[in-house]
Protein chains: 2
Amino acid sequence: MNIAVSNLDLAFAALADPTRRRIVARLTRGELRVTDLALPFAMSLNAVSKHVKVLEGAGLVRRRREGREHYLRLRAAPLREVARWTSQYERFWIQRLDALGAFLEQQQENDDEGSQ
Amino acid sequence: MNIAVSNLDLAFAALADPTRRRIVARLTRGELRVTDLALPFAMSLNAVSKHVKVLEGAGLVRRRREGREHYLRLRAAPLREVARWTSQYERFWIQRLDALGAFLEQQQENDDEGSQ
DNA sequence: TATTCATTCAACCTTTTGGTTGAATAATAC
DNA sequence: GTATTATTCAACCAAAAGGTTGAATGAATA
């Protein structure tokens with residue numbers, strides 16, 4: 001029993017795994033059955049199934065049962081929430097650009113890449 | 001020893017924790033020392049220090065040492081990457097809106113909220 | 001009906017995460 | 001020079017994450 005895990009927590013956590021981001025990317029092309037979804041992944045079907053459940057838990061994926069087959073499709077709402085949270089900071093980084101000037105910021109940015 | 005953990009993995013994972021998102025929000029107002037940053041959090045300074053290191057590891061925070069004090073400031077680049085990845089799917093969700101019509105989509109959306 | 005197919009459930013394992021406490025380090029202040 | 005302050009390091013702990021394998025469930029097929 002969890003104490004108040006927000007939508008945003010779940011969405012960010014779900015998207016933190018590269019396999020799950022690939023799943024999301026894959027589902028933009030349309031609905032897929034679990035088995036078909038799992039095909040290109042170098043892991044067990046069970047592992048993919050668990051990833052799908054995580055995405056479902058975050059509301060990023062919705063499941064439609066048709067006999068023994070489960071069709072998965074993407075849901076946009078949580079992605080929009082993530083986009084909205086993140087874009088709050090657009091104001092922040094644009095301000096910094098304005099303050100220091102594009103040229104200096106560019107240099108700063110280059111320095112940053114180099115030292116990572 | 002980690003096998004290829006991407007920038008995006010680190011950024012999403014860093015932002016999945018609500019404390020760390022609060023830290024990010026807090027740092028938009030300007031630089032802060034670790035101690036001052038930690039003030040409003042109901043956890044040990046050490047815990048906050050560890051969160052800061054996670055954010056640093058994801059490139060979201062940069063540290064400037066001045067004597068014994070460490071000043072932390074926000075870095076926008078990884079936030080931009082997250083925004084860029086997420087907004088890839090804007091096309092996807094806009095398409096769905098177009099395809100089904102705003103009214104139906106709205107109803108769908110309402111159903112979705114209700115059953116979460 | 002017996003078999004195969006699509007999928008989940010359950011148990012297990014290892015690594016990571018998010019927190020704690022206590023000690024170490026290093027700079028400042030008295 | 002001793003105490004205090006700012007911060008990390010190290011060890012520990014419980015819970016969660018990401019994978020595995022094997023069994024269970026339930027629908028389709030032969």
Side-chain angles (χ1 to χ4, degrees), chain A residues 1-24 26-27 30-73, chain B residues 1-24 26-27 30-73:
Chain A
M1 201 94 293
N2 254 329
I3 44 145
V5 180
S6 81
N7 289 354
L8 222 39
D9 291 355
L10 293 172
F12 271 116
L15 296 173
D17 186 278
T19 301
R20 288 195 291 263
R21 286 202 307 282
R22 278 179 68 198
I23 290 178
V24 167
R26 204 124 193 290
L27 286 176
E31 283 193 336
L32 280 175
R33 298 181 316 149
V34 178
T35 308
D36 294 331
L37 174 66
L39 275 178
F41 294 98
M43 67 184 66
S44 73
L45 176 66
N46 272 8
V48 174
S49 170
K50 276 171 95 173
H51 279 304
V52 168
K53 262 187 298 184
V54 172
L55 289 165
E56 240 185 321
L60 280 156
V61 159
R62 166 121 333 177
R63 181 190 306 257
R64 172 173 67 81
R65 252 153 281 228
E66 195 168 302
R68 64 182 163 180
E69 295 168 321
H70 297 203
Y71 287 90
L72 307 168
R73 70 171 205 273
Chain B
M1 197 95 296
N2 254 328
I3 43 146
V5 180
S6 82
N7 288 355
L8 222 39
D9 292 355
L10 293 172
F12 271 116
L15 296 173
D17 185 278
T19 302
R20 288 195 291 262
R21 285 202 308 280
R22 277 180 68 199
I23 290 178
V24 167
R26 204 124 192 290
L27 286 176
E31 282 192 338
L32 280 175
R33 299 181 314 148
V34 177
T35 307
D36 295 332
L37 173 66
L39 274 178
F41 294 98
M43 67 183 67
S44 73
L45 177 66
N46 272 9
V48 174
S49 169
K50 276 170 95 174
H51 279 305
V52 168
K53 262 187 295 182
V54 172
L55 289 165
E56 240 186 322
L60 280 156
V61 160
R62 166 123 334 180
R63 181 190 306 258
R64 173 173 67 81
R65 252 151 284 226
E66 196 168 303
R68 65 184 162 179
E69 297 168 321
H70 297 203
Y71 287 90
L72 307 169
R73 69 172 206 274

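These numbers come from a predicted model, not from an experiment. Sequence lines set the chain letters: A, B, ... in the order given, protein chains first and strands last, and positions in each chain run from 1.
One atom, CG of A:Leu45, and another, P of C:dA6, lie 10 Å apart when rounded to the nearest Å. Rounded to an integer number of Å, the gap from CG of B:Asp9 to P of C:dT16 is 13 Å. Taking atom CD on A:Glu69 and atom C1' on D:dT25, their separation rounds to 16 Å, with Å as the unit. Taking atom CZ of B:Phe12 as the reference point, atom C1' of C:dT16 lies 20 Å away to the nearest angstrom. In this structure, CG of B:Leu32 is placed 15 Å from C1' of D:dT7, rounded to the nearest angstrom.
Not counting sequence neighbours, the partners of A:Arg63 by the side chain to side chain donor-acceptor pair (under 3.5 Å) test are A:Glu56, A:His70. Every residue two or more places apart in sequence or in another chain that forms a salt bridge (Lys or Arg N to Asp or Glu O under 4.0 Å) with A:Arg64 is listed here: A:Glu31, A:Glu66. Remark: B:Arg33 engages B:Asp36, B:Glu69 in a side chain to side chain donor-acceptor pair (under 3.5 Å) (not counting sequence neighbours).
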Do any N or O atoms of the protein come closer than 3.5 Å to N or O atoms of nucleotides 17-19 of chain C, and which pairs are they?
unit_1, atom_1, unit_2, atom_2, d
C:dG18, OP1, B:Arg20, NH2, 3.4
C:dG18, OP2, B:Arg20, NH1, 2.9
C:dG18, OP2, B:Arg20, NH2, 3.2
C:dG19, OP2, B:His51, NE2, 2.0
C:dG19, N7, B:Lys50, NZ, 2.9
C:dG19, O6, B:Lys50, NZ, 2.4

Scan the side chains in residues 9-16 of chain B for donor-acceptor partners under 3.5 Å anywhere in the protein, sequence neighbours excluded, and list what turns up.
unit_1, atom_1, unit_2, atom_2, d
B:Asp9, OD1, A:Arg21, NH1, 3.0
B:Asp9, OD1, A:Arg21, NH2, 2.6
B:Asp9, OD1, B:Ser6, OG, 3.2
B:Asp9, OD2, B:Ser6, N, 3.4

Please report, to 0.1 Å, the donor-acceptor pairs under 3.5 Å made by any side chain of residues 42-53 of chain A, with sequence neighbours excluded.
unit_1, atom_1, unit_2, atom_2, d
A:Ser44, OG, A:Asn46, N, 3.4
A:Ser44, OG, A:Ala47, N, 3.0
A:His51, ND1, A:Arg20, NH1, 3.1

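For the pair B:Pro40 and B:Arg22, the tightest heavy-atom approach, listed with the atom from each and the gap, is O-NH2, 3.5 Å.
Between B:Leu72 and B:Val61, the closest side-chain pair of non-hydrogen atoms falls below 4.5 Å.
In this structure, B:Ser49 reaches the D:dT8 phosphate: one of its side-chain N or O atoms is under 4.0 Å from OP1 or OP2. Side-chain N/O atoms of B:Lys53 include one lying less than 4.0 angstrom from OP1 or OP2 on D:dC9. Phosphate proximity of D:dA6 to B:His70: absent, as no side-chain N or O sits under 4.0 Å from OP1 or OP2.
Paired with B:Ile23 under the rule side chain to side chain contact (heavy atoms under 4.5 Å, CB included), one option of B:Leu60, B:Leu32, B:Leu37 passes, and it is B:Leu37.
Of the residues in residues 34-41 of chain B, not one places a heavy atom less than 4.0 Å from an atom of DNA chain C.
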Using a 4.0 Å heavy-atom cut-off to protein, can you give one letter per nucleotide of nucleotides 22-30 of chain C, 5' to 3': B if the base is in contact, S if only the sugar-phosphate is, - if neither?
B----BS--
